[in-house]
Amino acid sequence: MFGDMARAVVLVVHAHPDDEVFATGAATIAAHDAGATVHLRLFTGGEGRTSGLTEAELDASRQRKETLLSKSIHQLGIDDWAYLSEAGRWTDTPHAPDLTIAQAPVDALGASVANAIATLRPDVLLTVGSDGLTGHPDHVACHRAVQRALDISDHAPPVALGAVLDRHAVREAHERATSVLRCEVGSGRVTGVDLGPRVVTVTGPPGTEERRRRALDAYVPGLGTTEPETLSCHRVGAGDSVLLRFVLDSSGWNRDRFVELRSHVPQTSPVPHPSSGAGPDSFSLQAQLQPEVEPQPSQT
């Protein structure tokens, strides 16, 4: 878990509601419980592929998802959320891809993130890694937008991290999910990365697993807290959200893995870089950002 973060500001940037559960749930709980103020900013309202495309239908879908989001952030230690632009500028509508951030100019997306950085001046910025965590085109666009924002922003968050999944945990989760649910699970885009010295881990405090499971339940009742053997594709579906639940079972609900994001702006904040020691009046990330080393087979 994080050290003293009583004066720290954390900005979390995601494409859709529920990404805050899968990508950064343990990290936001850890930061909040260590005293930080945690802000979530979203590109879309998670309208979904079943939403109608009239303005009224999109608004109704967005409002339903916002209700679920409010329940999720309560569990995850997120103090507030807002859209990066006006609601509905971009939507989560795979059946209308022209409305999604995957099709939006990266300069426009990056400018919206840069505005949030300028307003909040975060000490820590969390988002997804270059593969978008899941390979979802909107998630990849979110990552690229954050990188563009880091290039153009006058403020450089001393810590900027993109969430990744363990490739071995993804493979194990897919095998188990397919076996337990007896259907093909996932889009095929979720692959994970090979762990190594560039991957760091943030571990949440006691109770993180229970809180994160309840946050997932806010979106799909039972998906987080029900025993895997009692789940079914008919009940919870067979998409990437279901696969990611099994990934968390495999890799641990109480921790998130990240890679550091690049930033060209010189750091001016007193908050230390993860690899540096903390000063007496600043919070420390040293103990939390542990290099993740892939286990090696024993020699016999």
Side-chain angles (χ1 to χ4, degrees), residues 5 7-17 19-20 23-24 27-28 31 36-45 78-92 97-164 193 198 200 202 256 258-276 282-283 285 289:
M5 294 182 69
R7 295 183 298 149
V9 174
V10 178
L11 171 61
V12 186
V13 178
H14 286 308
H16 317 121
D19 296 343
E20 79 282 357
T24 51
T28 57
T37 301
V38 183
H39 306 279
L40 172 64
R41 296 296 180 263
L42 298 170
F43 281 105
T44 79
I78 296 170
D79 292 281
D80 64 64
W81 75 271
Y83 293 114
L84 285 158
S85 187
E86 64 272 13
R89 179 179 182 184
W90 301 295
T91 61
D92 176 20
D98 289 349
L99 302 176
T100 68
I101 65 170
Q103 298 296 318
V106 68
D107 286 344
L109 300 174
S112 69
V113 178
N115 287 338
I117 291 174
T119 299
L120 297 171
R121 304 192 69 77
D123 303 297
V124 179
L125 190 155
L126 303 177
T127 188
V128 291
S130 61
D131 67 347
L133 194 81
T134 66
H136 190 297
D138 283 358
H139 295 182
V140 175
C142 177
H143 168 83
R144 292 173 179 168
V146 171
Q147 288 286 193
R148 181 61 56 88
L150 292 174
D151 287 342
I152 65 177
S153 177
D154 291 333
H155 172 73
V159 178
L161 302 172
V164 297
V193 303
R198 291 185 61 250
V200 294
V202 175
D256 293 321
F258 297 94
V259 293
E260 291 186 59
L261 305 181
R262 59 177 169 79
S263 175
H264 81 289
V265 182
Q267 295 178 9
T268 58
S269 167
V271 180
H273 186 274
S275 61
S276 68
S282 60
F283 66 87
L285 298 176
L289 301 181

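Minimum heavy-atom separation, P122 to P158: O-CD, 3.9 Å. Closest heavy-atom contact between A8 and D123: CA-OD2, 3.1 Å. Between G129 and V164, the shortest heavy-atom distance links the atoms CA-CG1, 4.4 Å. Across A163 and A23, no two heavy atoms sit closer than the pair CB-O, 3.4 Å. Between R121 and V9, the shortest heavy-atom distance links the atoms O-CB, 4.4 Å. A pairwise comparison of heavy atoms in L42 and P17 identifies CD1-CG, 4.0 Å as the closest pair.
Taking SG from C142 and CG from L133, the interatomic distance works out to 10.5 Å, rounded to the nearest 0.5 Å.
Put simply, the side chain of L161 reaches to within 4.5 Å of the side chain of E260, judged on heavy atoms. V10 has its side chain within reach of M5: a pair of non-hydrogen atoms, C-beta onward, lies under 4.5 Å apart.
By the 6.0 Å contact criterion, CZ on R89 is enclosed, its count of non-hydrogen atoms from other residues, nucleotides or ligands being greater than 12.
Judged by distance alone, the side chain of D79 and the main-chain N or O of V38 form a donor-acceptor pair under 3.5 Å. Between the T127 side chain and the G162 main chain, no donor and acceptor come within less than 3.5 Å of each other. Panel note: side chain D19, backbone H14; no donor-acceptor pair is recorded below 3.5 Å. The backbone N or O of G88 sits nowhere less than 3.5 Å from a side-chain atom of T91 that would complete a donor-acceptor pair. No donor-acceptor pair under 3.5 Å is formed between the side chain of D80 and the backbone N or O of H39. With hydrogens and angles disregarded, no donor-acceptor distance shorter than 3.5 Å links the side chain of D92 to the backbone of G45.
Taking the ring pair (Phe, Tyr, Trp, His ring centres under 6.0 Å) definition, one finds that H139 meets it with H16, H136, sequence neighbours left out.
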So L261 and H143, side-chain contact (heavy atoms from CB on, under 4.5 Å) or not? Walk me through it.
CA-CA 9 Å; L261 305 181; H143 168 83; 3.6 Å; yes
Worked check of side-chain contact (heavy atoms from CB on, under 4.5 Å) between I101 and T44:
CA-CA 8 Å; I101 65 170; T44 79; 4.2 Å; yes
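The side-chain contact (heavy atoms from CB on, under 4.5 Å) test with E20 singles out one residue from T28, I78, V13, L126, and that residue is I78.
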Donor-acceptor contacts, no H, no angles, side chain residues 103-115, under 3.5 Å, sequence neighbours left out:
{"residue": "D107", "atom": "OD1", "partner": "R148", "partner atom": "NH1", "Å": "2.0"}
{"residue": "S112", "atom": "OG", "partner": "L109", "partner atom": "O", "Å": "2.6"}
{"residue": "N115", "atom": "ND2", "partner": "A111", "partner atom": "O", "Å": "3.3"}

